[in-house]
Amino acid sequence: MKIIKSKAEIQNISTTLLQSKKSIGFVPTMGYFHDGHLSLMKKAKKENDIVIISIFVNPLQFGPTEDYEEYPRDEEHDMTLAKQIGVDYLFKPDVEDIYPEEMMIKMSVTERTNVLCGRSRPGHFDGVITVLAKLFNIVQPTQVYFGMKDAQQVAIVDALISNLNFPIKLNALATIREDNGLAMSSRNVNLTMKEREQAIWLHKSLKRGQQLIVDGEKNPVIIKKEVINTLKQNIDADIDYVDILEFPSLQTISTISGQIIIAAAIYFKRTRLIDNLILDNDGLVLDRLD
Ligand code: AMP
């Protein structure tokens, strides 16, 4: 695996690869790898000639009171894992390389952002699409791989790619979980033992909502109430949101039909956790969105 810091260098490498008709699978990350990240890299490896990943903790997508400084980092460990999977290039730019000067053009998301994490984290998705537009132009991937753990991000990247005509195929892959159901996240390392035990109820409460749908419940208000009650009974954390929306439009729905997302976010002391289930008409979990 080659480690590249310079954006000009990785851009040249990609240009040469594309000229020789190689496909490039790209996995953008903020590092501190777990099996969720690795599943994306493995899939990219299977489906492309060359795999490029990036590690960049993007300051633009963190709010002023959020955990940019505290975000966990361990590049040595990340490099070992990526190498084992057979990643060809790791792009690891410095903040000054990605943001050398004040931007003269600002990007902002206008749809799919006024709900869920977008509502709780103003400006977050503007930061996400800004860095991704830059990374897509630098790396020039054929396909990109994202996790459905961050389902709203998938919905917004889908809009970014189609609105700005990036010639890129978006792949959204299933959330990888611990055996107890907790969605893997770099931020889990900041949970206390007690919080970690309680955190499994995030997934369990969403599953409770799913069960209602499987049993035929069509009213999102009733399902939401059940998810909130389950959370309140089992978790000592503030609930940021619980919502049920159409996916990927993220429009409000008055009855369960079509493809939907049940999503929740909670705040423990230091750590905010999110999780979701994307379900089809019958309440069955969708594992991959193409
Ligand atoms: P991050 O490093 O948190 O920016 O995540 C990089 C990519 O990994 C994003 O596309 C995430 O959605 C994805 N990802 C994070 N956690 C998981 C998980 N538990 N399962 C699958 N993908 C994940």
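What's counted below: heavy atoms across the whole structure, side chains too, no hydrogens, waters or symmetry copies. Just so you know, ligand 1 is whichever comes first in the structure, and atom 1 is the first atom listed for that ligand.
- Taking the side chain as every heavy atom from C-beta outward, Val95 and Phe56 approach each other to under 4.5 Å.
- Protein neighbours of ligand 1 below 4.0 Å, counting non-hydrogen atoms: Pro28, Thr29, Met30, Gly31, His34, Gly36, His37, Leu40, Tyr71, Phe146, Gly147, Lys149, Asp150, Gln153, Ala174, Thr175, Ile176, Met184.
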task = Kindly indicate, with the supporting measurements, whether the criterion side chain to side chain contact (heavy atoms under 4.5 Å, CB included) is fulfilled by Cys117 and Tyr241.
result = CA-CA 8 Å; Cys117 295; Tyr241 62 73; 3.0 Å; yes
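- At least one side-chain heavy atom of Leu90 sits under 4.5 Å from a side-chain heavy atom of Met79.
- Salt bridge annotation for Asp67-Arg272: absent, with no cationic side-chain nitrogen under 4.0 angstrom from a carboxylate oxygen.
- Donor-acceptor pairing under 3.5 Å is recorded for the side chains of Glu47 and Tyr145.
- Both tests pass for Arg73 against the ring of Tyr68: distance under 6.0 Å to the centre and angle within 45° of the axis.
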